[in-house]
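The basis for the numbers below is simple: all heavy atoms, side chains too, and nothing from hydrogens, waters or symmetry mates.
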Amino acid sequence: MRRILQVFYVSFSAIIFAAAIQNDFLPFGSPFLGLFAITPLYLALRNSCSYLESSLLTGLQFFILHLLSSFWLGFFRDFAIFTLGASALGTGVIGLVFGCYLHYFVGGSKRNYLYDNATRIYPPLFFALIWTLYEWAKSTGFLAYPWGTLIMTSYKWSLLTQIVDITGTWGLSFLFSFFGALAGEGIYLLSSGSTPNAKFLLFNYRQLTAACITLFAISTLYGVWQLNKEYIPVKHMETVMVQQNIDSWVVGGDDQPIRISQELTDRAVEDCIAATGEKPDLVVWSESVLSYTFPESEYYYHDSPHPRPLVPYINDMDVPFVIGGAATVDREKKMYSNAALFFDKDGEYQGYYGKMQLVPFAEVIPGAQYEWVRKVLDAIVGFSSGWTPGTELTLFEVPLQAGDEVTISVPICFEDAFPMVCRALFQAGSEVFVNITNDSWSMTNSAEYQHFAIAVFRAIEFRTTLVRSTNSGYSVVVNPKGQVIADMPLFEEASIHASVPIYQRQQTLYCRLGNWLPATCFVSLLLCLVLTEKKRRAV
């Protein structure tokens, strides 16, 4: 019976967590549910009697949560065996590992917490430290996947989210996991009744509760100050964003996407001229619009598609374009990059930015350089090649109709979910993030809103503007406070003219120090572990 109850706890935790993340019922998620999402998991770990039990319980929670919140990965066609299957399995394995750490600091309810292990004096605090490290680890490296995190649940509480320019999103991970663990500890203490350590644990619980309330209060006050702070633009970039809503996997070739994008562009340019008296400064089409690689195909687009070939069309528009396509890295070795292609107002191709953070096992496949790996993959899923990751922090200069110019960076697709990618682009001189994305394959509103909810933090972290021009949504302009100032509906052909505010670049604390909070969590845990083991051996 106890084991059944333990499994129920972690399953219930996964369900609450998935409901707190952006979904088709709560499009922007629920921070309130997010506060309690890990409480049942904490209770299960608090009552765990072994490392194996804690490991299996945590792995199960991670696995179920991934399937419930990222089920749309199964729509990634032939790649679904990797995008959903392998990622769910990998997330579960990560849970097995972190479950062991959680057990050391939180589990083992039958032990004498005061004398057996000094680290157990403050289990909710150590749970929060480990959870923060987990969400950082989950969002970092080749296998990084920052979806399914407490960070995502916090989106609607803008008073709290302002702290990410200091702590990064990891500050939100810590606050929410600390609160959830404290709620679990309170239930645990109430259910434990009178024990030899009850008064001691209750005293420490009160201390931790006071600390948690203080942290939330300070974060809220900081949010009030930031939201009331006036950010004055130093210039504006009149921008046309195009959302053609075509699934490139269904529609073969790029003639139809280009034609529809041209029609939508024409409408938005007319709106811009009517509103400002000038043509826009930039037109942005989404990821994966053009099928043929550059620069080899530049001449092809001088004549195609009919009746309005692309290059002459851009020349007639007399406006720079950013368009998602492919760029050749090494033709002989058949190496190509998923790229943002930049054309000047004369329609001349000026270069590309190659996507650096690729989707593992979908856009890039480890070992694909070996023939035997390619043969195995071809036999299993029918493909064995991928994109070549970009290596240069390429920025583009956009001249403004009003004079001056704007330096833009173009993180591609889920790169806007990775603070270190955007931090590198910002430090290279970017004045505004112009993201191009193609999530049309997901076929769900929840996938679109989840991507947006993760990306919006980049604007707050670096106090800059974020522009997201996507294939099917969520296409938006976000200001440095994380507020949406222009948007388009999901899964509709649409275009919009937006006057994008450009602000004076500033080095936020997070921009300067990077992931200092996870590093602090790691050092704190390591120091406590060393001191505890040293004390134990001395007894």
Side-chain angles (χ1 to χ4, degrees), residues 233-246 254 256-287 289-290 305 307-324 340-347 396-406 408 410 431-438 440 448 452 456 459 464-480 483-503:
V234 294
K235 46 194 170 184
H236 286 82
M237 181 173 67
E238 305 301 328
T239 306
V240 164
M241 302 156 58
V242 175
Q243 182 177 289
Q244 80 270 25
N245 194 35
I246 290 182
D254 58 15
Q256 185 179 354
I258 292 174
R259 291 194 190 102
I260 292 177
S261 296
Q262 289 172 334
E263 293 172 5
L264 294 171
T265 301
D266 291 341
R267 297 177 200 171
V269 168
E270 289 177 3
D271 291 341
C272 179
I273 293 174
T276 68
E278 299 281 354
K279 289 185 176 181
D281 301 306
L282 180 68
V283 174
V284 186
W285 291 1
S286 66
E287 179 191 21
V289 176
L290 304 185
R308 303 171 78 188
L310 178 63
V311 171
Y313 172 77
I314 297 175
N315 181 269
D316 291 341
M317 276 288 168
D318 194 33
V319 176
F321 273 60
V322 170
I323 305 177
L341 310 171
F342 186 69
F343 300 84
D344 66 19
K345 64 178 184 177
D346 299 319
F396 304 116
E397 301 294 335
V398 177
L400 304 180
Q401 299 284 356
D404 207 348
E405 62 184 15
V406 173
I408 69 170
V410 191
E431 293 181 89
V432 58
F433 297 134
V434 180
N435 172 257
I436 57 174
T437 287
N438 178 12
S440 60
E448 310 295 335
F452 158 76
V456 72
T464 189
T465 308
L466 168 68
V467 177
R468 300 189 75 240
S469 187
T470 75
N471 180 303
S472 54
Y474 185 34
S475 298
V476 295
V477 179
V478 180
N479 71 13
Q483 300 165 329
V484 174
I485 58 177
D487 67 348
M488 287 184 270
L490 272 61
F491 293 104
E492 292 184 19
E493 289 183 12
S495 59
I496 190 174
H497 152 247
S499 185
V500 176
I502 310 298
Y503 299 88

Do [X] and [Y] have side-chain heavy atoms sitting under 4.5 Å apart?
| X | Y | value |
| --- | --- | --- |
| Pro320 | Asp344 | no |
| Ile323 | Phe343 | yes |
| Thr470 | Asn438 | no |
| Pro480 | Thr464 | no |
| Val484 | Asn479 | no |
| Tyr503 | Thr465 | yes |
| Val477 | Ile496 | no |

What closest approach, in Å, do [X] and [Y] show between heavy atoms, and which atom pair accounts for it?
| X | Y | answer |
| --- | --- | --- |
| Gln243 | Pro489 | NE2-O, 2.7 Å |
| Pro399 | Glu397 | CD-O, 3.6 Å |
| Gln244 | Ser286 | OE1-OG, 3.3 Å |
| Ile436 | Ala340 | CD1-CB, 3.8 Å |
| Ala275 | His497 | CB-CE1, 4.1 Å |
| Ser440 | Ile246 | OG-O, 3.8 Å |

*Please identify each residue that fulfils side chain to side chain contact (heavy atoms under 4.5 Å, CB included) with Lys235, with sequence neighbours left out.*
Leu400, Asp404, Val406, Glu431, Ile502
*Which residue pairs pass the salt bridge (charged side-chain N to carboxylate O under 4.0 Å, His left out) test with at least one member in residues 464-474, sequence neighbours excluded?*
Asp416-Arg468
*Which pairs with one or both residues in residues 271-283 pass salt bridge (charged side-chain N to carboxylate O under 4.0 Å, His left out), sequence neighbours excluded?*
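Output for this query is empty, none listed.
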*Could you walk me through whether Ser469 and Ser475 pass the side-chain hydrogen bond (donor to acceptor under 3.5 Å, both in side chains) check?*
CA-CA 5 Å; Ser469 187; Ser475 298; 5.3 Å; no
_Residue pairs fulfilling ring pair (Phe, Tyr, Trp, His ring centres under 6.0 Å) with at least one residue in residues 264-285, sequence neighbours excluded_ =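 Those involving residues 264-285 are Trp285-Phe321.
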So, taking the atom named [atom1] in [X] and the one named [atom2] in [Y], what distance separates them when rounded to the nearest 0.5 Å?
| X | Y | atom1 | atom2 | result |
| --- | --- | --- | --- | --- |
| Met241 | Thr265 | CE | OG1 | 12.0 Å |
| Ile260 | Glu263 | CD1 | CD | 7.0 Å |
| Glu238 | Ile273 | CD | CD1 | 11.5 Å |
| Asp266 | Ser261 | CG | OG | 10.5 Å |
| Ile258 | Leu290 | CD1 | CG | 5.0 Å |

*Asn245: what forms a side-chain hydrogen bond (donor to acceptor under 3.5 Å, both in side chains) with it, not counting sequence neighbours?*
none
_Those residues that, when tested against Tyr474, pass ring-ring contact (aromatic ring centres under 6.0 Å, His included) (two or more places apart)_ = Tyr449, Phe452
*Using the side-chain contact (heavy atoms from CB on, under 4.5 Å) rule, pick out the option among Ile408, Leu341, Val283 that qualifies with Val322.*
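Between Val322 and the candidates, side-chain contact (heavy atoms from CB on, under 4.5 Å) is satisfied uniquely by Ile408.
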_Any donor-acceptor N/O pair, Asn315 side chain to Asp346 backbone, under 3.5 Å_ =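 Here the side-chain-to-backbone pair exists.
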_Test side-chain hydrogen bond (donor to acceptor under 3.5 Å, both in side chains) applied to Thr437 and Glu287, step by step_ = CA-CA 5 Å; Thr437 287; Glu287 179 191 21; 5.3 Å; no
*Could you walk me through whether Asp316 and Lys345 pass the salt bridge (charged side-chain N to carboxylate O under 4.0 Å, His left out) check?*
CA-CA 8 Å; Asp316 291 341; Lys345 64 178 184 177; over 6 Å; no
_Stepwise side chain to side chain contact (heavy atoms under 4.5 Å, CB included) check, Val478 with Ile485_ = CA-CA 6 Å; Val478 180; Ile485 58 177; over 6 Å; no
